[in-house]
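Only one structure is covered here, and it is reproduced in the block below.
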Amino acid sequence: MPNTYFIYPNFAVFLRVLQFYAIREMEKISVGNALTRAFKADFFSLLSWQVGMYGWMAIVYFVLFINEPLPKDTWIFGFMMQLAMLFGFFCAYPMNALLIKLGIKKGM
């Protein structure tokens, strides 16, 4: 089984490199400016998503299932993770709208 502690962070870096090249080619700007724009576009969006997701999972872990740990191989854990992703979406949506309004991200 491959080491996911190595694969996932490197895949995330690879996606940031793609974001950098996409911004640089679309707007024909300098390397430094493209790096700054790619960092802002990804960092704030992902940070707001993680606040929602990790916030919900903290509530699940420290409030809802405080007396007994939630087994990770049950359907309720998967359901709580789905809810966590939904909360992440709700937190990231206003941040992405703001980034589009400020011109940091492009609207679809």
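Side chains are part of it too, since the values below use all heavy atoms of this structure and drop only hydrogens, waters and symmetry mates. Worth saying up front: this structure is predicted, and the values here are computed from it rather than measured.
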Name all residues meeting the side chain to side chain contact (heavy atoms under 4.5 Å, CB included) criterion together with Pro94; count only those two or more places apart in sequence or in a different chain, and write none if there are none.
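Counting only residues at least two positions away or on another chain, Pro94 forms no side chain to side chain contact (heavy atoms under 4.5 Å, CB included).
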Could I get the full list of side chain to side chain contact (heavy atoms under 4.5 Å, CB included) partners for Ile59, not counting sequence neighbours?
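Testing Ile59 for side chain to side chain contact (heavy atoms under 4.5 Å, CB included), a comparison that skips the adjacent residues, returns Trp56, Val63, Leu64.
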Members besides Ile66 in its Ile/Leu/Val/Met/Phe/Trp/Tyr cluster (side-chain heavy atoms under 4.5 Å):
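Taking Ile, Leu, Val, Met, Phe, Trp and Tyr as members, Ile66 stands alone, with no cluster partners.
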Kindly give the cluster partners of Tyr61, where membership spreads through any ILVMFWY side chain lying under 4.5 Å from a current member.
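So far as hydrophobic clustering goes, Tyr61 is joined with Phe62.
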Below 4.5 Å, heavy atoms only, C-beta onward: do Phe44 and Leu98 meet side chain to side chain?
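The answer is no; the side chains never approach within 4.5 Å.
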Side-chain contact, heavy-atom cut-off 4.5 Å: Met85 with Trp49?
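Yes, close enough: below the 4.5 Å cut-off.
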Heavy-atom pair with the smallest gap, counting every atom of Ser48 and Cys91:
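Heavy atoms of Ser48 and Cys91 come nearest at O-CB, 3.2 Å.
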To check you understand the geometry: which heavy-atom pair defines the closest contact between Leu99 and Lys40, and what is its length?
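It is CD1-O, 4.2 Å.
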Sequence neighbours left out, what pairs pass side chain to side chain donor-acceptor pair (under 3.5 Å) with at least one residue falling in residues 80-91?
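Counting only pairs at least two positions apart or across chains, no side chain to side chain donor-acceptor pair (under 3.5 Å) contact touches residues 80-91.
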Applying side chain to side chain donor-acceptor pair (under 3.5 Å) as the test, list every pair that has at least one member in residues 85-99; sequence neighbours left out.
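Sorted result for residues 85-99: Ser45-Asn96, Asn96-Lys105.
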Can you tell me how far apart CG (Leu83) and CE (Met53) are? Round to the nearest 0.5 Å.
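Atom-to-atom, Leu83:CG and Met53:CE are 11.0 Å apart.
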Going from CE on Met57 to CZ on Phe77, what distance comes out if it is rounded to the nearest 0.5 angstrom?
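If we round to the nearest 0.5 Å, Met57:CE and Phe77:CZ are 4.5 Å apart.
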same_hphob_cluster(Phe39, Met95) at 4.5 Å side-chain heavy-atom cutoff:
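Phe39 and Met95: one cluster.
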Out of curiosity, does Val60 fall in the hydrophobic cluster containing Met81 (side-chain heavy atoms, cut-off under 4.5 Å, transitive links)?
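Yes, Met81 and Val60 fall within the same hydrophobic cluster.
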Contacts of Tyr54 that satisfy ring pair (Phe, Tyr, Trp, His ring centres under 6.0 Å) - sequence neighbours left out:
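Once residues adjacent in sequence are excluded, Tyr54 has no partner under the ring pair (Phe, Tyr, Trp, His ring centres under 6.0 Å) criterion.
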